[in-house]
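So the structure is just underneath, and the comments pick up after that.
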Amino acid sequence: MVRLSEAEWKVMNVLWEEAPQTITRLTRCFQETTGWTKHTIMTFLKRMEDKGAVYYEAGERAKLYYPKIERREAALLETEEFLERVFDGRMGLMLNTMVEQKALSGTEIAELYEILKRAEEAQQSAEETSDVSGEEGERR
């Protein structure tokens, strides 16, 4: 899996939203907000290419850069590392901290309820499937 720096996340977010991108277009995109120059963008892209996060194809006038990894894959790795580093891998501790700090809105709490409900249903379904498989194995 690919680990991305904060700056690389910014570049990847642009590529995930609209690929391909040229160095010139990326430079224009970040010039005002970050002050990054063409050479800075080139450095990021080379480093990200070496990591396996992006690839390019030769265009008519410039290289066309594409994401090589999916946003979901990168987000999952980042989330797992954050959870392990900050909360010793304990999801409950993280959620409790957010609730205590009132960091969750009513909408977010409702979303969490739905996510947990789906997870519980999936867990129960997996257990039922496992139980049925075990019973069939015992009958044979």
Side-chain angles (χ1 to χ4, degrees):
M1 288 252 197
V2 177
R3 289 198 69 214
L4 299 172
S5 70
E6 187 174 335
E8 291 167 345
W9 269 99
K10 289 180 182 185
V11 174
M12 289 301 295
N13 280 322
V14 171
L15 291 174
W16 284 320
E17 290 300 318
E18 187 179 343
Q21 292 283 337
T22 63
I23 291 171
T24 302
R25 283 174 48 194
L26 286 168
T27 303
R28 268 192 243 123
C29 177
F30 291 111
Q31 187 76 48
E32 277 188 42
T33 57
T34 64
W36 294 343
T37 65
K38 176 181 177 180
H39 297 289
T40 303
I41 299 291
M42 290 169 60
T43 300
F44 287 152
L45 289 170
K46 176 63 177 140
R47 189 170 58 206
M48 294 163 69
E49 185 184 353
D50 291 345
K51 289 180 177 185
V54 300
Y55 70 97
Y56 70 88
E57 294 176 355
E60 288 183 29
R61 298 175 48 125
K63 292 178 181 177
L64 302 173
Y65 285 88
Y66 297 84
K68 193 171 184 176
I69 58 173
E70 293 184 26
R71 183 189 309 246
R72 182 180 177 119
E73 174 187 342
L76 180 61
L77 176 65
E78 187 80 15
T79 302
E80 288 173 347
E81 288 181 357
F82 169 78
L83 189 61
E84 190 61 40
R85 184 177 65 251
V86 178
F87 296 100
D88 198 28
R90 297 172 50 206
M91 177 70 72
L93 180 58
M94 181 185 78
L95 290 172
N96 189 53
T97 301
M98 294 178 80
V99 168
E100 286 178 355
Q101 296 300 314
K102 297 179 177 68
L104 298 174
S105 69
T107 303
E108 291 168 325
I109 291 170
E111 286 177 22
L112 276 174
Y113 273 122
E114 285 302 311
I115 291 167
L116 292 172
K117 182 179 172 186
R118 286 194 308 268
E120 183 177 45
E121 289 168 357
Q123 180 69 31
Q124 288 172 349
S125 177
E127 288 173 1
E128 289 169 6
T129 303
S130 175
D131 289 346
V132 170
S133 298
E135 290 172 9
E136 289 176 6
E138 289 175 10
R139 286 187 221 146
R140 291 182 190 169

Run F30 and V14 through side chain to side chain contact (heavy atoms under 4.5 Å, CB included) and show every step you take. CA-CA 10 Å; F30 291 111; V14 171; 3.5 Å; yes

Would you mind writing out the side-chain donor-acceptor pairs for residues 115-124 within the sub-3.5 Å range, not counting sequence neighbours?
residue, atom, partner, partner atom, Å
Q123, NE2, E127, OE2, 3.1

Side-chain donor-acceptor distances from residues 92-101 under 3.5 Å, at least two apart:
residue, atom, partner, partner atom, Å
N96, ND2, E100, OE2, 3.1
T97, OG1, L93, O, 2.8

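Under a hydrophobic clustering in which Ile, Leu, Val, Met, Phe, Trp and Tyr are joined whenever their side-chain heavy atoms come within less than 4.5 Å, directly or via other members, F82 and V2 fall into different clusters. No continuous path of hydrophobic side-chain contacts links V86 to W9 [ILVMFWY only; heavy atoms under 4.5 Å].
Identified under the side-chain hydrogen bond (donor to acceptor under 3.5 Å, both in side chains) test for residues 50-62, with sequence neighbours left out: E8-K51, K46-D50. Screening residues 89-120 for ring-ring contact (aromatic ring centres under 6.0 Å, His included) gives no qualifying pairs among residues at least two apart or on separate chains. Pairs of residues two or more places apart, or lying in two chains, that qualify as side-chain hydrogen bond (donor to acceptor under 3.5 Å, both in side chains) and include a residue from residues 80-92 are R3-E81.
A103 approaches E108 most closely through the heavy-atom pair O-OE1, 3.5 Å. Closest approach of Q31 and W36 over heavy atoms only: OE1-O, 3.2 Å. Of all the heavy atoms in I69 and G52, the pair that sits closest is CG2-O, 3.7 Å. Scanning both residues, V11 and F44, for their nearest heavy atoms gives CG2-CD1, 4.3 Å. The heavy-atom pair separating L64 from P20 by the smallest distance is CB-CB, 3.7 Å.
In this structure, the side chains of E111 and T107 come closer than 4.5 Å at one or more pairs of heavy atoms. Taking 4.5 Å as the limit, every side-chain heavy atom of E49 sits out of range of all side-chain heavy atoms of K63. A 4.5 Å side-chain heavy-atom check between L26 and L45 finds at least one atom pair inside the cut-off. Contact of the M42 side chain with the T27 side chain is not registered, since no non-hydrogen atoms from C-beta on lie closer than 4.5 Å. Between M48 and Y65 the shortest side-chain heavy-atom distance does not fall below 4.5 Å. A heavy-atom distance below 4.5 Å is not found between the side chains of C29 and Q21.
Between S5 atom OG and M12 atom CE the span is 11.0 Å, to the nearest 0.5 Å.
Salt bridge E78/R71: absent, no basic N to carboxylate O contact under 4.0 Å.
K38 pairs by the side-chain hydrogen bond (donor to acceptor under 3.5 Å, both in side chains) definition with nothing, not counting sequence neighbours.
When the options T34, I23, T22 are evaluated for a side-chain contact (heavy atoms from CB on, under 4.5 Å) with I41, the one that passes is I23.
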